[in-house]
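Working notes, structure below.
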Amino acid sequence: MVDTIVRLVARRTSSYVIDLGAGTGALGGAIAERVPTARVRLLDIDPAMLEVAGARTEPHRARVELHRGAFEDALPACDVVVASLALHHVPVRADKTALFARIHGALRPGGAVLIGDAVVDATGPARDEMFAQWAEHMGQGGIAPDEAARLFAQWAGEDTYYPLRDELAMLAEAGFARPECFWKH
């Protein structure tokens, strides 16, 4: 995502980037590090997460702003909106489409939205394969299969994973002319 943002804003003298659901500031901090002309707004509802993000982005404090807010809030005009592992917390399709519409409305001409998140088929063998690969990846990080299964069950009550085709359809409904998936794993 950061490489793509670097390419998107390379010709601009300055850019304003909003990181939705910024969490610990990993993505926003990487953007601030790699794009020295960018101002980055880290938006999150959790003050504890913003505190961690503030510490992480301290070297770039002059260009990074911490903003406590929700996905439902209006967004200021910007050049790029990013969201990494955050938008699966928007469970209702109409609410997610409305969020995408607010993003679309906030973007200046030539702006872009980049979303890195989990998308999972609703049923069938593709869904089973996605969760099997996810569990395998977790296993590489030391998470046992039974713990992965427990986490998946917990997350099922907290998160909503739409199929990729639905995510792209919501972006189109919100006004994006050519939503596309540029990377999938």
Side-chain angles (χ1 to χ4, degrees), residues 1-90 95-119 137 159-162 164 167-185:
M1 286 179 78
V2 176
D3 289 341
T4 301
I5 293 164
V6 169
R7 285 192 301 276
L8 286 171
V9 301
R11 291 175 290 236
R12 297 176 188 242
T13 56
S14 67
S15 297
Y16 189 47
V17 179
I18 299 174
D19 182 356
L20 292 177
T24 63
L27 179 57
I31 293 167
E33 178 71 29
R34 294 270 313 275
V35 187
T37 59
R39 289 180 308 124
V40 183
R41 176 182 225 182
L42 305 180
L43 183 138
D44 204 285
I45 198 163
D46 185 342
M49 286 291 198
L50 286 173
E51 187 175 326
V52 173
R56 172 176 261 153
T57 59
E58 183 60 36
H60 309 288
R61 195 67 183 119
R63 295 182 295 108
V64 173
E65 59 185 74
L66 306 176
H67 184 82
R68 185 170 182 210
F71 292 142
E72 298 83 15
D73 297 347
L75 297 171
C78 59
D79 302 294
V80 178
V81 174
V82 297
S84 177
L85 299 174
L87 299 187
H88 61 266
H89 295 298
V90 181
D95 294 344
K96 196 166 203 178
T97 303
L99 170 60
F100 290 156
R102 282 192 300 285
I103 293 169
H104 186 269
L107 289 170
R108 294 182 181 119
V113 59
L114 290 98
I115 301 165
D117 214 328
V119 294
H137 177 74
D159 302 337
T160 302
Y161 308 112
Y162 287 99
L164 177 59
E167 292 281 342
L168 295 173
M170 285 183 266
L171 286 161
E173 289 171 36
F176 290 95
R178 292 176 303 284
E180 185 57 76
C181 176
F182 294 96
W183 183 81
K184 183 177 176 182
H185 175 71

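The chain is numbered in sequence order, starting from 1.
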Item to check | salt bridge (charged side-chain N to carboxylate O under 4.0 Å, His left out) assessment of K96 paired with E167 | outcome: CA-CA 9 Å; K96 196 166 203 178; E167 292 281 342; 2.6 Å; yes
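- Taking CD1 from I115 and CG from L85, the interatomic distance works out to 11.5 Å, rounded to the nearest 0.5 Å.
- Between L27 and S84 the shortest heavy-atom distance is CD2-CB, 3.8 Å.
- Between the D117 side chain and the H88 main chain, a donor and an acceptor come within less than 3.5 Å of each other.
- For the residue pair L114 and M1, the shortest heavy atom distance occurs at O-CE, 3.2 Å.
- Between P179 and F100, the closest side-chain pair of non-hydrogen atoms is not below 4.5 Å.
- Within a 6.0 Å radius of NE2 in H67, other residues, nucleotides and ligands contribute more than 12 heavy atoms.
- Minimum interatomic distance between L66 and L50 (heavy atoms only, all atoms of both residues): CD1-O, 3.6 Å.
- Between A38 and V17, the shortest heavy-atom contact is CB-CG2, 4.4 Å.
- To the nearest 0.5 angstrom, R108 atom CZ is 7.0 Å from C78 atom SG.
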Would you tabulate the side-chain donor-acceptor contacts of residues 51-59 under 3.5 Å, counting partners in other chains and residues two or more places apart, or write 'none'?
unit_1: R56; atom_1: NH1; unit_2: T24; atom_2: O; d: 3.3
unit_1: R56; atom_1: NH1; unit_2: T24; atom_2: OG1; d: 2.9
unit_1: T57; atom_1: OG1; unit_2: A53; atom_2: O; d: 2.8

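- A donor-acceptor distance shorter than 3.5 angstrom exists from the side chain of R63 to the backbone of A32, with no hydrogens or angles considered.
- Between A86 and L20 the shortest heavy-atom distance is CB-O, 3.7 Å.
- How far CD of E65 is from CD1 of I18: 8.0 Å, rounded to the nearest 0.5 Å.
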Checklist entry - Checking salt bridge (charged side-chain N to carboxylate O under 4.0 Å, His left out) for the pair D3/R34: CA distance, chi angles, key distance, verdict? => result CA-CA 9 Å; D3 289 341; R34 294 270 313 275; 2.9 Å; yes
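- Ring pair F176/H104 is perpendicular by interplanar angle, where above 60° counts as perpendicular and below 30° as parallel.
- Using a 4.5 Å heavy-atom threshold, the side chains of D19 and I31 count as separate.
- Distance check, rounded to the nearest 0.5 Å: CZ of R68 to CG of D46 gives 7.5 Å.
- Closest approach of A112 to L8, counting heavy atoms only: CB-CD1, 3.7 Å.
- Distance CG/D44 to CE/M49: 6.5 Å, rounded to 0.5 Å.
- Residue L87 holds its CG atom at 5.0 Å from CZ of F71, rounded to the nearest 0.5 Å.
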